[in-house]
Student: 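Before anything else, here's the structure in question.
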Amino acid sequence: MTSTMPTASTAHAQSDGTRNHARAAGAFYLVTFVASIPALLLIAPVLDHADYIVGPGADTRVLWGCLLDLISALACVGTAVAVFPVVKRTGEALALGFVTARLVEAAVILIGVVSLLSVITLRQDLAGATGADAATLVTTGKALVAVRDWTFLLGPGFMPAINALLFGTLLYRSRLVPRFIPVTGFVGAPLLLAAGLATFFGHNDQLSAWSFLATLPIAAWELAVGTYLLVKGFRPAARTAERA
C-alpha cells in the first residue's frame, strides 16, 4: 500500500517554494518604494512648468522618471502574483481580488506614464513652434499633464488602500506575518481613502501636508510587509497550518 503522507523532501520543497514566493513579494514591494519616490522628483519639471512643452525641457531627466514609474508599475503587479499561490489557500476570492486591484493600479500608473511621454514627443517633434501653434501646444501639454495628475490620484492615491484591505485581510486571517503589520494597513486604508476623496472633490491637494500625513500609515504598512517578507518570509507555524 502506497502512503499518501508527504515526505520530508516534499515538505522541504513546499517550504522552499513558499519562502521564494515571500522573498519575491518582499523584493517587489521594496522596488516600488525605491522606484516611485525618485520618479516623482525626476518628472517634476514637466509637472511644475505649464510651458514645458515649448521650452528647453529636461527630457532625459523626465524619461528616467517615466522609466522608474514603469518599473514601479511592473513591481506592483509582481507583489500580487508572487503571493497569490500562497494566500489563495486562505481566501481565493480575496486573493484574486488583490491581484486584480494590483493590475488596475499598474494600468492606471502606465496611463500617466504614456501621457508624459506624449508631452516629450510633442516637444521634440514640434520644437520651435511660435504664436498660435505654441499656444495650442501649451494647451495640449496641460491636458496631458492633467491626465497624469488624475492617474496619480486614482492609482497611487486610491488603489493602495484597496490593496491594503484585501491583502491585509488575507495576512490577518492566515497569520502568515505578525498581525500588527496588516493592522497598520487597516488603519491607513480609510485615512488614504478619505484624503483621496477630499482631493477628488476639490477640497484637498494631493501633495498637501494632510495628504502626506494620511499616506504615512499605508507607506509604513507596505514597507513593513515588504521588509518582513524579504527578510523573514512567511511564518513557519502559519505555513504548516496552511499545508495541513
Student: Specify the closest pair of heavy atoms between D69 and A39, including all atoms of both residues, with the distance to one decimal.
Tutor: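 The pair with the smallest heavy-atom distance is OD1-CB, 3.5 Å.
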Student: Counting distance only, does the side-chain N/O of Y29 pair as donor-acceptor with the main-chain N or O of C76 below 3.5 Å?
Tutor: no
Student: Check for me whether the distance between the ring centres of F200 and W150 falls short of 6.0 Å.
Tutor: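 Yes, they do, as the ring centres are separated by less than 6.0 Å.
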Student: For the side chain of R102 and the backbone of P160, is there at least one donor-acceptor N/O pair under 3.5 Å apart?
Tutor: no
Student: I'd like to check the side-chain hydrogen bond (donor to acceptor under 3.5 Å, both in side chains) partners of E222; sequence neighbours left out, ordered by chain and number.
Tutor: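 side-chain hydrogen bond (donor to acceptor under 3.5 Å, both in side chains) check on E222 returns nothing, list empty.
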Student: Scan V114, D149, L122 and name whichever one has a side-chain contact (heavy atoms from CB on, under 4.5 Å) with L144.
Tutor: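 When V114, D149, L122 are each tested with L144, the side-chain contact (heavy atoms from CB on, under 4.5 Å) holds only for L122.
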Student: Side chains of S211 and D205: do they bring a donor and an acceptor to under 3.5 Å?
Tutor: no
Student: Might you point out which heavy atoms bring L30 and T227 nearest each other, and give the distance in Å?
Tutor: CD2-OG1, 3.8 Å
Student: Examine V177 and L165 and state if one hydrophobic cluster contains both, with Ile, Leu, Val, Met, Phe, Trp and Tyr joined whenever side-chain heavy atoms are less than 4.5 Å apart.
Tutor: no
Student: Main chain of L176, side chain of R235: is a donor-acceptor contact present, judged purely on distance under 3.5 Å?
Tutor: no
Student: Is the NZ or CZ atom of R148 positioned over F152's six-membered ring, under 6.0 angstrom from the centre and within 45° of the axis?
Tutor: yes
Student: Pick from I53, L137, V54: which one makes a side-chain contact (heavy atoms from CB on, under 4.5 Å) with L126?
Tutor: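 Only match with L126 under side-chain contact (heavy atoms from CB on, under 4.5 Å): L137.
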Student: Just one of V81, T79, V87 clears the side-chain contact (heavy atoms from CB on, under 4.5 Å) bar with V83, so which one?
Tutor: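 Passing option: V87.
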Student: Which class fits the ring pair F167 and W221: parallel under 30°, tilted 30 to 60°, perpendicular over 60°?
Tutor: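 Taking W221 first and then F167, their aromatic rings stand perpendicular (interplane angle over 60°).
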Student: Can you confirm whether the side chains of S208 and N204 place a donor and an acceptor under 3.5 Å from each other?
Tutor: yes
